[in-house]
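All residue numbers in this chain count up from 1 along the given sequence. Every heavy atom of this structure was used, including side-chain atoms; hydrogens, water molecules and symmetry mates were not.
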Amino acid sequence: MVGRYYEEFPINLKTGEANLTQIYLQEALDFIKRQARHHPFFLYWAVDATHAPVYASKPFLGTSQRGRYGDAVREIDDSIGKILELLQDLHVADNTFVFFTSDNGAALISAPEQGGSNGPFLCGKQTTFEGGMREPALAWWPGHVTAGQVSHQLGSIMDLFTTSLALAGLTPPSDRAIDGLNLLPTLLQGRLMDRPIFYYRGDTLMAATLGQHKAHFWTWTNSWENFRQGIDFCPGQNVSGVTTHNLEDHTKLPLIFHLGRDPGERFPLSFASAEYQEALSRITSVVQQHQEALVPAQPQLNVCNWAVMNWAPPGCEKLGKCLTPPESIPKKCLWSH
């Protein structure tokens, strides 16, 4: 994000033209060529053309029926194709594990011109509803991961840490709780593993999923103040009592949804139903185990500090979780190349 932060790489906001994806691509290809013949390597390729302001290079601008956002997606798709093609040309494809995913759901606040779609899921980025937290994932490893499979395994980006250790023949340290799950049994053998997912906003546990059931302990989209200014994380998706603009406490009676029948989180289970009581019992148990293993620590990032994040989630100050930012006195650095 250095390029975007310091604006050293221009993005033409009027036309959407920028060569940043091509620069990222060339860096990736050069790195793989240097490493692959002699050493194992790890490449984290965090392309961001689909993040507002959306951009694409000149050969891709105007080539998609989906507008500028589609142009950006097509360029990312083409770039990933070139990376996979290079792995095959270097004859290391059968010894290279590739995983593609996203860090959050589509930012509906900038859609449709500058953002994607979350399909049937509720709300978007910056919320703990499924539209903000659920992403697609693709795994590629010729000769190991069978092509064309679809898995319903629930995963987390934290799983990539544990999965990478397993790929390298290492075991996670046993002196601490590791949140990630080794996904190799799913990817290589098609196994499904029942596991909880915990949804946080700051250090507040907002929701938890276990199996097909998701419990919301708190609900909040954004503040009324920001909503009235036109900032809407859930455009056209108001669900009474769910997409709330005040931070609503449901810890005594969580809202529980069956994501298989109701992926859009529109119809909470009746508190009196046997299904609700059984799901609540199972989720309460895993949340208790999870919280007992937590060790309080000083946050490494303060989401309310503009100097740290270059932005702040609207309304986060009202949660009372802001830290006092340390004084920032940047030192000048001289770079030589």
If I take atom [atom1] from residue [X] and atom [atom2] from residue [Y], how far apart are they, to the nearest 0.5 angstrom?
X      : Y      : atom1 : atom2 : answer
Gln35  : Leu90  : CD    : CG    : 12.0 Å
His216 : His250 : NE2   : NE2   : 8.5 Å
Arg266 : Gln237 : CZ    : CD    : 5.0 Å
Leu122 : Phe129 : CG    : CZ    : 5.5 Å
Leu84  : Phe100 : CG    : CZ    : 10.5 Å
Leu87  : Ile32  : CG    : CD1   : 5.0 Å

- Hey, which of Asp159, Thr162, Thr163 is the one that makes side-chain contact (heavy atoms from CB on, under 4.5 Å) with Leu181?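 One option only clears the test, and that one is Asp159.
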- Message: Given Ser79, which partner from the list Leu29, Val47, Thr21 fulfils the side-chain contact (heavy atoms from CB on, under 4.5 Å) test?
- Response: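 With Ser79 as partner, side-chain contact (heavy atoms from CB on, under 4.5 Å) holds for just one option, Thr21.
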Heavy-atom check, side chain of [X] versus side chain of [Y], under 4.5 Å:
X      : Y      : answer
Asp194 : Arg282 : yes
Glu248 : Trp220 : no
Glu265 : Val239 : no
Arg176 : Pro173 : yes
Arg74  : Thr63  : yes
Arg68  : Glu113 : no
Phe217 : Asp249 : no
Leu108 : Asp232 : no

- Item | is_close_aromatic(Phe257, His213), centroid dist under 6.0 Å |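 No, the ring centres sit 6.0 Å or more apart.
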- Contacts of type side chain to side chain contact (heavy atoms under 4.5 Å, CB included), residue Val73, not counting sequence neighbours: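 Per chain and number, Val73 pairs via side chain to side chain contact (heavy atoms under 4.5 Å, CB included) with Thr50, Tyr69.
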- Query: Between Asp48 and Tyr55, is any side-chain donor less than 3.5 angstrom from a side-chain acceptor?
  - Reply: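 Yes, side-chain donor-acceptor contact under 3.5 Å.
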- Message: Can you confirm whether the side chains of Asn246 and Thr244 place a donor and an acceptor under 3.5 Å from each other?
- Response: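 No, no side-chain donor-acceptor pair sits under 3.5 Å.
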Closest non-hydrogen atom pair between [X] and [Y], with its separation:
X      : Y      : value
Thr209 : Lys214 : OG1-CG, 3.3 Å
Gly16  : Leu61  : O-CD2, 3.9 Å
Ala293 : Ala177 : CB-CB, 4.4 Å
Thr219 : Gly241 : OG1-O, 4.3 Å
Pro142 : Ala93  : CD-O, 3.4 Å
Arg134 : Phe121 : CD-CZ, 3.4 Å

Can any side-chain N or O of [X] pair as donor or acceptor with the backbone N or O of [Y] at less than 3.5 Å?
X      : Y      : value
Trp45  : Tyr24  : yes
Thr127 : Gly124 : yes
Asn12  : Thr15  : yes
Asp71  : Ser64  : yes
Asn222 : Ile231 : yes
Ser281 : Gln277 : no
Gln114 : Ala52  : no
Gln189 : Leu184 : no
Gln153 : Thr186 : no

- Item | The single option from Asn238, Asn226, Thr221 passing side-chain hydrogen bond (donor to acceptor under 3.5 Å, both in side chains) against His245 |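 Testing each of Asn238, Asn226, Thr221 against His245, the sole residue satisfying side-chain hydrogen bond (donor to acceptor under 3.5 Å, both in side chains) is Thr221.
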- Message: Phe41: which residues meet the ring pair (Phe, Tyr, Trp, His ring centres under 6.0 Å) condition with it, sequence neighbours left out?
- Response: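 In terms of ring pair (Phe, Tyr, Trp, His ring centres under 6.0 Å), with neighbours along the sequence ignored, Phe41 is linked to no residue.
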- Query: What pairs meet the side chain to side chain donor-acceptor pair (under 3.5 Å) rule with one or both residues in residues 81-110, with sequence neighbours excluded?
  - Reply: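 Sorted result for residues 81-110: Asp78-Lys82.
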Quick check: are there more than 12 heavy atoms from other residues, nucleotides or ligands sitting under 6.0 Å from [atom1] of [X]?
X      : atom1 : answer
Phe267 : CZ    : no
Glu27  : CD    : no
Arg261 : CZ    : yes
Tyr200 : OH    : yes

- Message: Apply side chain to side chain contact (heavy atoms under 4.5 Å, CB included) to residues Tyr276 and Leu253 and explain how you reach the verdict.
- Response: CA-CA 10 Å; Tyr276 178 91; Leu253 274 179; 3.8 Å; yes
- Transitive ILVMFWY cluster of Leu154 at side-chain heavy atoms under 4.5 Å: who else is in it?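 Its cluster mates, by chain and number, are Met133, Ile197, Tyr199.
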- Item | ILVMFWY cluster membership beyond Leu170 - transitive side-chain contacts under 4.5 angstrom |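 Leu170 clusters with Phe161, Leu165, Ile178.
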According to a hydrophobic-cluster definition based on side-chain heavy atoms being under 4.5 Å apart (Ile, Leu, Val, Met, Phe, Trp, Tyr only), do [X] and [Y] belong together?
X      : Y      : answer
Leu160 : Val145 : yes
Leu188 : Val98  : no
Leu138 : Ile157 : no
Leu86  : Phe99  : no
Leu259 : Leu192 : no

- Query: In terms of ring plane angle, is the pair Trp224 and Phe227 parallel, tilted or perpendicular, where the classes change at 30° and 60°?
  - Reply: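 Aromatic pair Trp224/Phe227 classed perpendicular.
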- Item | For Ser57, side chain to side chain donor-acceptor pair (under 3.5 Å) partners two or more places apart |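 Ser57 satisfies side chain to side chain donor-acceptor pair (under 3.5 Å) with Glu75 only.
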